[in-house]
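Each chain gets a letter, A, B and so on, in the order the sequences are listed, and its residues count up from 1. These numbers come from the heavy atoms of this one structure, side chains and all, not from hydrogens, waters or symmetry mates.
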2 protein chains.
Amino acid sequence: MVDRNEGRALHRQLADLLRDQITAGQLRPGAYLPSETYLGQTHDMSRTAVRRAIDLLVNEGLLTKSRGQRTRVREQRERRVVLLAAGDDVETRMPTEAERHQLGIPIGEPVFVVRRAGGRVELHAGSSSTLRAIG
Amino acid sequence: MVDRNEGRALHRQLADLLRDQITAGQLRPGAYLPSETYLGQTHDMSRTAVRRAIDLLVNEGLLTKSRGQRTRVREQRERRVVLLAAGDDVETRMPTEAERHQLGIPIGEPVFVVRRAGGRVELHAGSSSTLRAIG
DNA sequence: CTTGATTTGTACGTATGTATT
DNA sequence: AAATACATACGTACAAATCAA
């Protein structure tokens, strides 16, 4: 329940509620969220605050939005296995805008940066890759 | 230059300008951004739009904010090396709120999820870890 | 195919609170 | 204590994409 006297920001409280519903499985991958307007009415807060709550979860990788469509719980993508040989290094970070569009990565999903022992650098979408060390 | 007739959202245009200045090295790690108010005046847009631009870059891991202080370009943290043995699997994702606070991870930084061949699962802050496969 | 309703996106303004300088 | 800077919260209006009749 969102409580104005709790001291925490309304949008953070709503984000927590929705996050809990997602992790508890009440909102399953692919499920549609209620509209921003409806969420605002039912939780007695402005659409602005609702949007900020949703944005938090989008950036955590839990939700996807697109204009005109309802917001949905993100579905796990099939993961390809990327093999790591001895000496390969890996970092992770958020993609640049350009990388996001090139690789088709949604907001809220990081990338792997793989530096092969030979020096070559590869970029892999984090949401659809699993690295496996094989030595 | 931000152009209202360009068709793209003002905050996206400003985010692009700032991102370019960061990647070009004109805004170096640790550097302070101008205040939201000043950016709004100089680019002729509302503070609201400026804040949305900055939020984009925070979620890309390029900026850090904290209340009362000016916004800064994020500095690279020292990276610890985490060794991967044959059979270890790695995924990457954004941390949950709880994980972010436990591990002291700023907004916009992903985590490594390392599944050891034995079955144990480790979490490593992406911004301060490099994985190295050793076989 | 067209229309109208729904839903998210952009943009502004205002006011107030809280933390830092 | 005062000024500065970011945070929260509301309201309004309109645009653009999608959906449903």
Side-chain angles (χ1 to χ4, degrees), chain A residues 1-18 27 30-74 97 100-101 106-108, chain B residues 1-18 27 30-74 97 100-101 106-108:
Chain A
M1 193 58 182
V2 174
D3 175 14
R4 293 182 112 79
N5 297 354
E6 196 204 88
R8 303 180 56 244
L10 297 182
H11 67 274
R12 295 189 189 283
Q13 294 185 49
L14 177 57
D16 287 350
L17 283 181
L18 295 174
L27 281 171
Y32 289 97
L33 246 59
S35 74
E36 296 170 353
T37 308
Y38 178 84
L39 283 171
Q41 289 167 349
T42 52
H43 293 90
D44 196 38
M45 63 176 74
S46 67
R47 188 187 154 208
T48 310
V50 171
R51 281 178 64 75
R52 297 187 57 193
I54 289 176
D55 279 350
L56 286 180
L57 301 181
V58 169
N59 283 307
E60 289 175 19
L62 296 179
L63 297 179
T64 47
K65 313 208 286 182
S66 73
R67 181 187 253 171
Q69 301 179 54
R70 302 250 298 282
T71 298
R72 309 178 67 180
V73 179
R74 181 164 299 165
E97 274 285 297
R100 272 198 31 241
H101 291 122
I107 294 176
Chain B
M1 193 57 182
V2 174
D3 175 13
R4 293 183 113 76
N5 297 354
E6 197 203 87
R8 303 181 55 245
L10 297 182
H11 68 274
R12 295 189 188 283
Q13 294 186 48
L14 177 57
D16 288 350
L17 283 181
L18 295 174
L27 280 171
Y32 290 98
L33 245 61
S35 73
E36 297 170 351
T37 308
Y38 178 85
L39 284 172
Q41 290 166 349
T42 52
H43 293 91
D44 196 37
M45 63 175 77
S46 68
R47 189 185 154 212
T48 311
V50 171
R51 282 178 62 77
R52 296 185 56 190
I54 289 176
D55 278 351
L56 284 181
L57 300 180
V58 168
N59 283 305
E60 289 175 20
L62 297 178
L63 299 178
T64 47
K65 312 208 286 182
S66 70
R67 181 185 256 173
Q69 300 178 53
R70 302 250 296 284
T71 298
R72 308 178 67 179
V73 179
R74 181 164 299 165
E97 275 284 296
R100 273 199 30 241
H101 291 122
I107 294 177

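Rounded to whole angstrom, the span from the CG atom of B/Leu14 across to the P atom of C/dA11 amounts to 11 Å. We find that CD of B/Glu36 is positioned 12 Å from C1' of D/dT8, with the value rounded to whole Å. As rounded to whole Å, 15 Å separates atom P of C/dT18 from atom CZ of A/Arg8. Remark: P of C/dA11 and CZ of B/Arg4 are 7 Å apart, rounded to the nearest angstrom. In this structure, CE of A/Met45 is placed 12 Å from C1' of D/dT8, rounded to the nearest angstrom. Atom OH in B/Tyr32 sits roughly 17 Å away from atom P in D/dT4 (whole-Å rounding). Straight-line distance from the CG atom of B/Leu63 to the P atom of D/dA5: 16 Å, rounded to whole Å. When the P atom of D/dG11 is taken as reference, atom CZ of A/Arg51 falls 16 Å away, rounded to whole Å.
Although no hydrogens or angles enter the test, the distance criterion places a donor-acceptor pair under 3.5 Å between the side chain of A/Arg74 and the main chain of A/Leu63. Of the possible polar contacts, one joining the B/Gln13 side chain to the B/Arg8 backbone as a donor-acceptor pair under 3.5 Å is found.
Proximity of B/Leu27 to B/Leu33: side-chain heavy atoms (C-beta onward) are separated by under 4.5 Å at one or more points.
The nucleotide whose nearest atom lies closest to any side-chain atom of B/Leu10 is, among C/dA11, C/dG9, D/dC6, C/dA11. The side chain of A/Arg70 sits closest to C/dT8 out of C/dT8, C/dT21, D/dC10. Comparing C/dG13, D/dA7, D/dA9 against the side chain of B/Ser46 picks out C/dG13 as the nearest. Closest contact between the side chain of B/His11 and the listed nucleotides C/dT10, D/dA7, D/dA9 involves C/dT10. Closest contact between the side chain of A/Arg67 and the listed nucleotides D/dT8, D/dA17, D/dC10 involves D/dA17.
Counting non-hydrogen atoms under 4.0 angstrom, B/Thr37 reaches nothing in the nucleic acid.
Taking only side-chain nitrogens and oxygens, A/Arg72 never comes nearer than 4.0 Å to OP1 or OP2 of D/dT18.
Of the two residues contacting DNA chain D, namely A/Gln13 and A/Gln69, the nearest-nucleotide position lying further toward the 5' end is that of A/Gln13. DNA chain C is contacted by both A/Thr48 and A/Gly68; A/Gly68 maps to the nucleotide lying nearer its 5′ end (nearest heavy atom per residue).
Remark: the A/Arg12 side chain and the D/dA7 base include no donor-acceptor N/O pair separated by less than 3.5 Å. Taking 3.5 Å as the limit, the base of C/dG9 and the side chain of A/Arg47 contain a donor-acceptor pair of atoms between them.
Ion pairing between a basic and an acidic side chain is recognised when a charged N comes within 4.0 Å of a carboxylate O; A/Asp55 and A/Lys65 show such pairing.
The only option from A/Arg47, A/Gln41, A/His43 that meets the side chain to side chain contact (heavy atoms under 4.5 Å, CB included) definition with A/Met45 turns out to be A/His43.
Pair assignment for D/dA1: none, as no Watson-Crick or G-U wobble contacts are both less than 3.5 Å.
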